[in-house]
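Working notes for the structure below.
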Amino acid sequence: MKKALFKFMVTVTALHVSAFGSAAEGEATADLVARGRYLAVAGDCMACHTAQGGQPFVGGLAIGTPLGNIYSTNITPAQGSGIGGYTLEDFQRALRQGVRKDGARLYPAMPYVSYATITDEDVAALYAYFMKGVTPVDQRGPQTALPFPFSVRMSMMGWNLLFARQKTFIPDPARSAQWNRGAYLAEGLAHCSTCHTPRNFLMAEKSGAALAGASLGTWFAPNISSDPQAGIGRWSQQDLVSYLTTGHAGNGSQAGGPMLEAINLSFSKMHVEDIEAMGTYIRSVPPQSANAAPGQVPRQPPVLTDFALAAGTSEEGAKLYDAHCATCHQPSGEGTRQLPALYGNAALSRRPNADNLVMALLGGLAPHQGQVMPAFDDVLNDAQVAALTNYLFATLGDAGVSTTANRVAQLREGGTPSSLLAVARVGVGLFAGLVLLVTVAVVMIYRRRRR
């Protein structure tokens with residue numbers, strides 16, 4: 001009887017310990033998944049891996065590059081077309097090194113150069129989220145088909161040897177905990193340099209030019225270094241925090257294009273402590289003087305009562321403003337409580353070119369908080385967009401900036417194609433010619449020796 005009672009108590013105790021262990025393990029997994037979900041938001045994974053109107057993380061989004069469209073892949077845990085068969089090691093190789101499970105190389109449109117700095121713990125959390133917190137959808141989207149020779153993915157091995165050398169983030173003991181947190185996020189998950197650092201001839205980020213501003217083909221990512229003229233050296237911490245969380249700052253800046261998308265899907269959903277940390281780090285980045293605006297902004301806003309006679313502008317531009325802009329932004333561009341003023345607006349007074357204004361006119365703006373600006377791509381032709389843009393810069397912005405109908409047409413079509421494609425093809429042709437010459441020489445030498 002005693003033995004039976006003892007066995008019963010041992011069994012009950014074992015079951016209790018097992019149940020407790022399972023509960024604790026499940027709780028730990030849930031915490032890891034939740035942490036991974038937050039990190040995926042900080043990394044803005046949704047923006048690239050979700051097509052317009054598509055399901056989350058199923059891919060299929062066309063990412064425009066100077067070499068052609070690169071289509072994002074399915075990163076749901078689907079076994080067929082997704083990453084369901086990835087081990088943690090497979091996942092970290094793709095995330096940090098740009099190598100898929102099948103060994104194929106990813107293009108650096110996937111910012112693995114920045115993601116290489118993510119810690120092992122955060123990689124594990126991201127893996128847990130994508131495997132257990134994302135709904136699997138077995139759907140394969142369009143396949144990337146860049147022109148030769150870039151269609152040969154093995155060519156990325158050489159590119160990676162030259163430019164993909166970053167290692168896991170190491171905190172700077174001389175800096176504060178807040179600065180280090182901001183550096184970790186901005187340099188890694190948020191991959192700020194991917195857009196805001198100019199690229200060299202081989203489309204790698206230029207060393208020594210961190211956050212100095214760069215063209216993304218269509219939109220222009222401005223200089224966000226600490227330079228007071230070209231960059232954001234005059235921004236306060238509150239200006240930057242407000243901008244990153246709402247898309248607006250009290251100094252006349254508002255987001256558009258890819259930056260607005262990053263704010264809508266990522267920064268606006270992050271903890272304010274992390275945004276403040278990123279602000280602390282970004283405001284400490286060494287100043288870069290590149291991509292400053294010409295600086296021909298009037299000292300005070302003009303009174304535009306006669307659009308046809310506005311100084312230095314065309315009658316067509318004035319009439320277009322009256323027909324399409326004045327109702328919302330007011331006749332003299334002073335704006336309203338809901339809509340930003342145009343005089344003193346960063347898009348008109350702190351940019352080295354007119355590309356962002358043209359893109360805003362063509363595609364409109366849908367801010368996280370605020371009234372939507374409609375798109376005029378189907379309403380205005382290239383010449384009209386150029387006339388309106390030049391009118392706005394000449395009257396309310398930096399008179400040193402202008403555009404042309406040809407440039408508007410380029411932006412409408414996705415930007416200026418890269419010259420790298422032509423150069424690469426010439427290089428391939430020369431290499432093929434050299435191989436042919438060597439082959440012919442070897443054959444001739446072989447025949448002479450036989451004779």
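The residues of the chain are indexed from 1 along the displayed sequence. Computation of the quantities below employed the complete heavy-atom set of this structure, encompassing side-chain atoms and omitting hydrogens, waters and symmetry-equivalent molecules.
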Asp355 and Arg407 ion-paired at < 4.0 Å: yes
Name all residues meeting the salt bridge (Lys or Arg N to Asp or Glu O under 4.0 Å) criterion together with Arg35; count only those two or more places apart in sequence or in a different chain, and write none if there are none. Asp122
Glu205 side chain vs Phe163 backbone, donor-acceptor pair below 3.5 Å: no
Could you check whether Arg100 and Thr73, counting side-chain N and O atoms only, form a donor-acceptor pair closer than 3.5 Å? no
Side chains of Thr403 and Asn390: closer than 4.5 Å at any heavy-atom pair? yes
How close do Gln143 and Gly141 get, counting heavy atoms only, and between which atoms? NE2-O, 3.0 Å
Has Thr245 got a side-chain atom pairing as donor or acceptor with Ser242's backbone, closer than 3.5 angstrom? yes
Considering only NZ, NE, NH1 and NH2 on the basic side and carboxylate oxygens on the acidic side, decide whether Lys269 and Asp44 come within less than 4.0 Å. no
Given the options Glu187, Glu276, Gln178, Arg181, Tyr281 meets side-chain hydrogen bond (donor to acceptor under 3.5 Å, both in side chains) only with Glu187
Less than 4.5 Å apart, side chain to side chain, heavy atoms only: is that true for Gln92 and Gln97? yes
For the residue pair Phe130 and Phe91, categorise the inter-ring angle as parallel (less than 30°), tilted (30 to 60°) or perpendicular (more than 60°). tilted
Tell me, do Val385 and Leu320 make a side-chain contact under 4.5 Å, heavy atoms counted? no
Donor-acceptor contact below 3.5 Å, side chain Ser72 vs main chain Cys48: yes
Taking all heavy atoms of Asn291 and all of Gly213, pick out the closest pair and write down the distance. ND2-O, 3.2 Å
Any donor-acceptor pair under 3.5 Å linking the side chain of Tyr127 with the backbone of Tyr86? yes
For Pro258 against Leu216, the heavy-atom pair lying closest together: CG-CD1, 4.0 Å
Using side-chain heavy atoms (C-beta onward) and a distance below 4.5 Å, is Ser226 in contact with Ile232? no
Any side-chain donor-acceptor pair under 3.5 Å between Asn251 and Tyr243? no
Against Phe267, only a single residue in Thr246, Val41, Val241, Leu244 fulfils side chain to side chain contact (heavy atoms under 4.5 Å, CB included); can you say which? Leu244
Work out which heavy atom in Gly80 is nearest to a heavy atom in Arg140; give both atom names and the distance. O-NH2, 3.4 Å
Sidechain-backbone polar pair: Ser225 side chain, Gly231 backbone, donor-acceptor under 3.5 Å: no
Do the ring centers of His329 and Tyr321 come within less than 6.0 Å of each other? no
Is there a donor-acceptor pair closer than 3.5 Å between any side-chain N or O of Arg105 and the backbone N or O of Met157? no
Do you see a donor-acceptor pair shorter than 3.5 Å between the side chains of Thr404 and Asn406? no
Quick one: does Trp219's side chain get under 4.5 Å of Met259's, heavy atoms only? no
Does CD1 in Ile170 sit with more than 12 non-hydrogen atoms of other residues, nucleotides or ligands closer than 6.0 Å? no
Taking the side chain as every heavy atom from C-beta outward, state whether Ile118 and Leu189 have any pair of such atoms under 4.5 Å apart. yes
I'd like to know if the side chain of Thr168 reaches the main chain of Thr119, judged simply by a donor and an acceptor atom lying under 3.5 Å from each other, with no hydrogens or angles considered. no
Without swapping roles, check the side chain of Asn160 against the backbone of Ala164 for a donor-acceptor pair under 3.5 Å. no
Sub-4.5 Å side-chain heavy-atom contact between Met359 and Phe220: no
Of Val297, Leu348, Leu388, the one forming a side chain to side chain contact (heavy atoms under 4.5 Å, CB included) with Phe393 is Leu348
Mark yes or no for whether Asp377, through its side chain, and Arg412, through its backbone, hold a donor-acceptor pair below 3.5 Å. no
On a heavy-atom basis, which atom in Arg175 and which in Ser284 lie closest, and how many Å separate them? NH1-CB, 4.4 Å
